2 protein chains.
Amino acid sequence: MNGKSKTFDMELFFRALADRTRLRLLHLMGSDEVCVCFFVEILKTNQPKISRHLAYLRRADIVGARREGQWIHYRIVEPADPDAQRILKDVISWLANDPEMQRDRQRLVKICCAPQLPVSIQGAPRPSSFNAHVN
Amino acid sequence: MNGKSKTFDMELFFRALADRTRLRLLHLMGSDEVCVCFFVEILKTNQPKISRHLAYLRRADIVGARREGQWIHYRIVEPADPDAQRILKDVISWLANDPEMQRDRQRLVKICCAPQLPVSIQGAPRPSSFNAHVN
DNA sequence: AAAATATATGCGCCTACGCGAATACGTCCC
DNA sequence: GGGACGTATTCGCGTAGGCGCATATATTTT
């Protein structure tokens with residue numbers, strides 16, 4: 001009630017989900033923090049496009065960002081509204097059934113488990129859950 | 001796989017939910033069949049607007065229609081995809097928390113329980129669940 | 001058949017938004 | 001400070017879609 005965190009905006013929430021690219025981004029985040037450059041690498045598209053979609057998700061309070069040096073990590077945040085929270089959770093698990101989404105994740109895993117990241121994202125920090133795997 | 005009922009379209013589904021008017025329509029349907037003229041009456045708007053939004057929901061396979069004489073009843077249909085089904089169900093119950101939606105429903109109940117419908121929709125068939133209440 | 005009623009659709013206008021290309025911003029390293 | 005790198009934003013363009021208004025379609029009634 002501080003004038004900034006108003007009641008959760010349903011329309012904005014659904015509009016944010018109404019785009020395939022954004023759904024792919026959400027699926028890639030899953031329960032991890034993922035760095036922007038990984039999205040660019042895996043979706044094989046240009047960086048501004050990814051950045052704009054992430055901004056949209058941020059505006060809708062669906063994701064949050066954390067800076068680490070020059071890199072920025074994005075993560076899914078639990079919506080304030082418990083109903084939205086449940087829906088988002090269901091959406092995420094729905095995505096897991098989509099073939100393209102599955103391919104996306106496979107590519108993420110493959111890239112992150114490899115001893116060397118692709119040249120385009122050499123020094124980038126891996127998603128948190130991959131830190132343990134590769135010394 | 002008959003070329004007509006393809007796999008459920010996620011994007012279309014969410015785009016269909018990304019409009020307040022359509023959410024209000026969905027909430028009014030709830031578990032009932034509701035005639036178009038009731039939507040017009042309750043949302044206090046023009047008829048073409050309602051009709052176009054209903055058409056959108058129909059395209060997205062979220063609602064179905066049934067003709068009864070000159071009237072057409074709309075109802076929510078269970079999406080083919082079980083995940084979509086669950087999400088839609090959660091969305092509906094989310095709507096119940098919204099003040100405007102609550103007012104909409106109150107107006108529906110009030111109108112339907114009255115002995116006489118408003119002049120603008122005199123002979124219209126009431127939603128199914130109100131048939132028992134009024135002789 | 002003609003009128004009345006309920007619903008659907010076409011049209012023109014305007015905004016939202018997705019896109020690629022260019023550019024701005026922020027951080028690190030020399 | 002200057003360059004390199006990762007990310008965000010701006011711009012111009014094209015399409016989707018929301019709206020009010022007019023009109024078409026379908027059904028019932030007379």
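In what follows, chains are A, B, ... by sequence order, proteins preceding strands, each numbered from 1. What you are looking at is a predicted structure, and each value in this text was computed from that prediction instead of being measured.
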Under 3.5 Å: donor-acceptor pair, side chain of R66(A), backbone of I72(A): no
Between [N] ([atom2]) and [X] ([atom1]): distance, integer Å:
X	N	atom1	atom2	result
Q122(A)	dC5(D)	CD	P	11 Å
K44(B)	dC19(D)	NZ	C1'	20 Å
R58(A)	dT9(D)	CZ	C1'	11 Å
L57(B)	dG17(D)	CG	C1'	14 Å
R66(B)	dA6(C)	CZ	C1'	15 Å
W71(A)	dT27(C)	CH2	P	13 Å
Y74(A)	dG6(D)	OH	P	16 Å
I50(B)	dC21(D)	CD1	C1'	16 Å

Under the side-chain hydrogen bond (donor to acceptor under 3.5 Å, both in side chains) rule, collect the residues that match up with [X], sequence neighbours excluded.
X	result
R86(A)	D90(B)
N97(A)	D83(B)
D61(A)	none
E78(B)	Q85(B)

Sequence neighbours excluded, the answer for salt bridge (Lys or Arg N to Asp or Glu O under 4.0 Å) partners of R52(B) is none
Look at atom CD of Q116(A) and say whether more than 12 heavy atoms of other residues, nucleotides or ligands are closer to it than 6.0 Å. no
For a quick check, with a 4.0 angstrom heavy-atom cut-off, what is the B/S/- contact string for nucleotides 10-19 of chain C, read 5' to 3'? B------SSB
Quick one: which protein N/O atoms are closer than 3.5 Å to N/O atoms of nucleotides 26-30 of chain D? Pair and distance per line, please.
none

Sorted by chain and residue number, the ring-ring contact (aromatic ring centres under 6.0 Å, His included) partners of F14(A) (sequence neighbours excluded) come out as W94(B)
Heavy atom of residues 35-42 of chain B under 4.0 Å from DNA chain C: which residues? C35(B), V36(B), C37(B)
Summary of salt bridge (Lys or Arg N to Asp or Glu O under 4.0 Å) pairs that have at least one residue in residues 13-26 of chain B, sequence neighbours excluded: R20(B)-D98(B), R20(B)-E100(B), R24(B)-E100(B), R24(B)-D104(B)
Check whether the side chain of Q47(B) and the base of dA6(C) form a donor-acceptor pair under 3.5 Å. no
Which pairs with one or both residues in residues 29-88 of chain A pass ring-ring contact (aromatic ring centres under 6.0 Å, His included), sequence neighbours excluded? none
Comparing S120(A) with A55(A), nearest DNA chain D nucleotide closer to 5' gives the residue S120(A)
Set of residues satisfying side chain to side chain contact (heavy atoms under 4.5 Å, CB included) with respect to R107(A), sequence neighbours excluded: I42(A), K44(A)
